[in-house]
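Computation of the quantities below employed the complete heavy-atom set of this structure, encompassing side-chain atoms and omitting hydrogens, waters and symmetry-equivalent molecules.
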Amino acid sequence: MDICNFPVDQEQYADFIFRPSGLGREELTRLYGDICISYVDDEYAIAHLPLSDTLPISVENHSYLSIPALYGLLDTTSMERSGILSTFRQPALNSQGEGTLIGLIDTGIDYQNPIFREENGNTRILGIWDQTIPGEGFQMNNPREQPYYFFYGQEYREEAINEALSQEDPLSVVPSTDTNGHGTFLAGIAAGRQTPSLDFTGASPGCRLGIVKLKKAKKYLRDYYMIPDFVDAYQSTDLMMAVTYLRLLAVRHRMPLIICLCLGSNQGGHNGFTPLSQVLNNLQQLSGVSAVCAAGNEVGFRHHYMGRMSASSMFDEVEFRVGERESGFIMELWANLPEIYTVGFVSPTGEVIERIPFRAGEDTSVHFTLEQTTVTVSYVASTGTQDDYLALMRFVSPTAGIWRLRIYPTVSITGLYHLWLPIHDFVTDDTTFLNADPFTTITSPGNASFPITVSAYNHLNNSLYIHSSRGYTRDGRVKPDIAAPGVDIFGPGISPIPGDYPMTRMSGTSVSAAHVAGAVANLYSWGIVQGNYPQLTNSSVKAYLARGASRNSNFTYPNQEWGYGTLNLYQSYVSLRDN
């Protein structure tokens, strides 16, 4: 395999996203020097190079899209309500995901749990890429493409996992674990084996699994985004490479692939054009591949503001509160070109920072006289993938209290703009917009066009989950696509005691996405594997899920909370029959 001369997963090396534009490996090395390059797909690659050569991290020194974004976690009667058990009871429709691969990108898996094993005790997991375990990396091949190199972590294939399960101490052979529990729970909901003694089944108990355990984000990115060490945060470069790993794992085993990705970020323009979103969108060209994403759990945390400036306004004033223990955060303003907005500030003590002039590609830092706060403003006239305008504001040691952001119309036609604070795990609960808007809160990559994006509801009383993010996207596309059970759901937990496999409960759009991932696996199994609909694609799966969805006669569909309705897999099969 290609040689990488340094451990790219270590803290002293930085990662940046770029688009090779057809450049070969030798030419890229000549241009950028002693770096390692990880290829994600035909459009995106990741450069790994010494951190000391890249500091300071800023939009002025590095383009906005090149700096990895940080993503956070989005947290059996439900199977009956989703129409999944109804299909299990129909002999002609009793597809339980056989011959398909569900790939989860999350916190890992407790691979020893019996619900992830066959009746004979063998694993149902075809591969685990544990990014957290030091290693020299590995190579994966695709007959139609150049080899792909993964320069960090360890891969454990099915044979190694079965060998581990035959040992008294499995972790001595395959030391991959899930210390968080999020990944194990979602794997159980999507694909857990039927366990009558627990009255439990996953949505697709006959499928196989591919697992990527994400490593935590590097310190230089945590420092840039001002996210504390105790908060779970993962960088987009690792997620992008995880998508590539799962794609190649499915090719290796010649299986339809359903990627379940239940992390989210408020970075980006909320119109599906971040690098991770584009990597998912690029899967559109592949047959038998789908991605299912959680919509996010942002409603109620007051992290989105939408403004529409009148033609006569000198400026808009947006109030936001900063919590007492807030160390810092990044706020983003997005609008459509050719509109350009500039900003000024009024601090809680009344100090005024006048309008900061538009200087594309430059950072402007302002220091408040009466407090310890520094705000750095960067204006980006085009982010590179879409005709968007971005004003990025980085608050360091912000004074607690009510701030006023003044927004000036340098070039204003529609007067429409949006502001986002980071997702709720990345800031304190008291850092909010005072006049927040609950809509357009679908997190990235759920706002991309390719994924099936899922909101959450309580299947016991038909109410929307209180925090379930709402659409549409900033460019007006329908998201979420569908809703699924996601409140107080019963599933597998983790335990430090060997051989102990507790059950627990969890709520959130991650849980609802896992339901849909299993349902999609069942559709692919019935359609492609069993030969009933060999041409089934992600687009047609979306359409059949929408047609079969249960709808409330009091609502108009699609809508910003429920998409096209609630998951009903049985009725989706009926719509296939009646097509």
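- Between the CG atom in L283 and the CZ atom in F450 there is a gap of 5.0 Å [rounded to 0.5 Å].
- Residues G188 and F200 approach most closely at O-CZ, 3.3 Å, considering heavy atoms.
- How far SG of C4 is from OH of Y149: 12.5 Å, rounded to the nearest 0.5 Å.
- Under the 4.5 Å side-chain criterion, counting only non-hydrogen atoms from C-beta, Y224 is in contact with I330.
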Please determine whether side-chain contact (heavy atoms from CB on, under 4.5 Å) holds for the pair E98 and V529, giving the CA-CA distance in whole Å, both sets of side-chain angles, and the decisive distance to 0.1 Å. CA-CA 8 Å; E98 293 86 355; V529 179; 5.6 Å; no
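- Taking both residues in full, the closest heavy atoms of G99 and P256 are given as O-CD, 3.3 Å, listed atom of the first, atom of the second, then distance.
- Once rounded to the nearest 0.5 Å, the distance linking CD1 of I46 with CE of M240 reads 5.0 Å.
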Indicate every side-chain donor-acceptor pair of residues 489-497 with a distance under 3.5 Å to a residue at least two apart or in another chain.
{"residue": "S495", "atom": "OG", "partner": "I497", "partner atom": "N", "Å": "3.1"}
{"residue": "S495", "atom": "OG", "partner": "D500", "partner atom": "OD2", "Å": "2.9"}

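- The side-chain heavy atoms of L221 and I67, taken from C-beta on, include a pair separated by under 4.5 Å.
- In this structure, the side chain to side chain contact (heavy atoms under 4.5 Å, CB included) partners of A187, at least two apart in sequence or on a different chain, are L104, I109, F116.
- Between the side chains of N568 and S550, a donor-acceptor pair is found at a separation under 3.5 Å.
- Ring pair F138/Y245 is perpendicular by interplanar angle, where above 60° counts as perpendicular and below 30° as parallel.
- For D15 and K218, the salt-bridge test passes: some basic side-chain N is under 4.0 Å from an acidic carboxylate O.
- Looking at residues two or more places apart in sequence or on another chain, you find no ring-ring contact (aromatic ring centres under 6.0 Å, His included) involving H303.
- Across the pair C293 and C262, the gap between the SG atoms, which is the quantity tested here, reaches or exceeds 2.5 Å.
- In this structure, S525 contributes its side chain and N522 its backbone to no donor-acceptor pair below 3.5 Å.
- The local environment of CD1 in I466 is sparse, with at most 12 non-hydrogen atoms from other residues, nucleotides or ligands closer than 6.0 Å.
- A distance-only check finds a donor-acceptor pair linking the side chain of H270 to the backbone of G268 [under 3.5 Å].
- Note on ring orientation: taking the six-membered ring where Trp is involved, the planes of F151 and H48 are perpendicular (angle over 60°, cut-offs 30° and 60°).
- By the 6.0 Å contact criterion, CZ on R325 is open, its count of non-hydrogen atoms from other residues, nucleotides or ligands being 12 or less.
- Partner of T184 under the side chain to side chain donor-acceptor pair (under 3.5 Å) criterion, out of D178, D110, D106, T179: D178 alone.
- L171 places a side-chain heavy atom less than 4.5 Å from the side chain of Q112.
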*asked:* Working note: T100 + M255, criterion side-chain contact (heavy atoms from CB on, under 4.5 Å); need CA distance, chi angles, decisive distance, verdict.
replied: CA-CA 5 Å; T100 68; M255 287 182 168; 5.7 Å; no
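- Side-chain atoms of S469 come within 3.5 Å of backbone N or O of T441 as a donor-acceptor pair.
- The side-chain tip of R247 points at the ring of Y148 from less than 6.0 angstrom away and within 45° of straight on.
- Remark: the backbone N or O of E158 is not paired with any side-chain donor or acceptor of T123 at under 3.5 angstrom.
- When all heavy atoms are compared, the tightest approach of Q154 to P134 is NE2-O, 3.3 Å.
- Under the 30°/60° scheme for interplanar angles, the aromatic rings of H459 and Y457 are found to stand perpendicular.
- Between D238 and Y152, the closest side-chain pair of non-hydrogen atoms falls below 4.5 Å.
- The backbone N or O of Y544 sits less than 3.5 Å from a side-chain atom of S572, completing a donor-acceptor pair.
- With a 4.5 Å cut-off on side-chain heavy atoms, M241 and V40 count as touching.
- Put simply, the side chain of K213 never gets that close to the backbone of I128: no donor and acceptor are under 3.5 Å apart.
- For the residue pair Q284 and N281, no side-chain donor N or O sits within less than 3.5 Å of a side-chain acceptor on the partner.
- Residue P451 comes nearest to D481 through the heavy atom pair O-OD2, 3.3 Å, listed as atom of the first residue, atom of the second, then distance.
- With contacts defined as side-chain heavy-atom distances shorter than 4.5 Å, the pair Y533/L523 does not qualify.
- Pairing each heavy atom of R117 with each of G121, the nearest pair is NE-O, 2.9 Å.
- Q571 contributes atom CD, which lies 10.5 Å from atom OG1 of T566 (distance to the nearest 0.5 angstrom).
- Although no hydrogens or angles enter the test, the distance criterion places a donor-acceptor pair under 3.5 Å between the side chain of T431 and the main chain of G323.
- Side chain of D425 to main chain of V231: no donor-acceptor pair is present (N/O by atom type, distance under 3.5 Å, no hydrogens or angles).
- Counting only distance, with no hydrogens or angles, the side chain of E326 and the backbone of T428 share a donor-acceptor pair below 3.5 Å.
- Summarising the geometry, atom OG1 belonging to T237 is positioned 9.0 Å from atom CG belonging to L70; distances are rounded to the nearest 0.5 Å.
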- Please step through side-chain contact (heavy atoms from CB on, under 4.5 Å) for the pair L209 and Y111, ending with a clear verdict. CA-CA 10 Å; L209 285 163; Y111 69 85; over 6 Å; no
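- A donor-acceptor pair shorter than 3.5 Å can be found between the side chains of T537 and S540.
- Between Y71 and I423 there is no side-chain heavy-atom pair separated by less than 4.5 Å.
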- Starting from the C-alpha separation in whole Å, work towards a yes-or-no answer on side-chain contact (heavy atoms from CB on, under 4.5 Å) for R124 and C207. CA-CA 8 Å; R124 295 170 54 216; C207 75; 3.9 Å; yes
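- Contact annotation: the side chain of S507 approaches that of V487 to within less than 4.5 Å [non-hydrogen atoms, C-beta and beyond].
- With hydrogens and angles ignored, the 3.5 Å screen pairs no side-chain donor or acceptor of N297 with any backbone N or O of H467.
- One finds the NZ atom of K216 at 10.5 Å from the CG atom of L214 (value rounded to the nearest 0.5 Å).
- Checked against the 6.0 Å centroid threshold, Y225 and F426 do not count as a close aromatic pair.
- Minimum heavy-atom separation, P7 to Y13: O-CD1, 3.2 Å.
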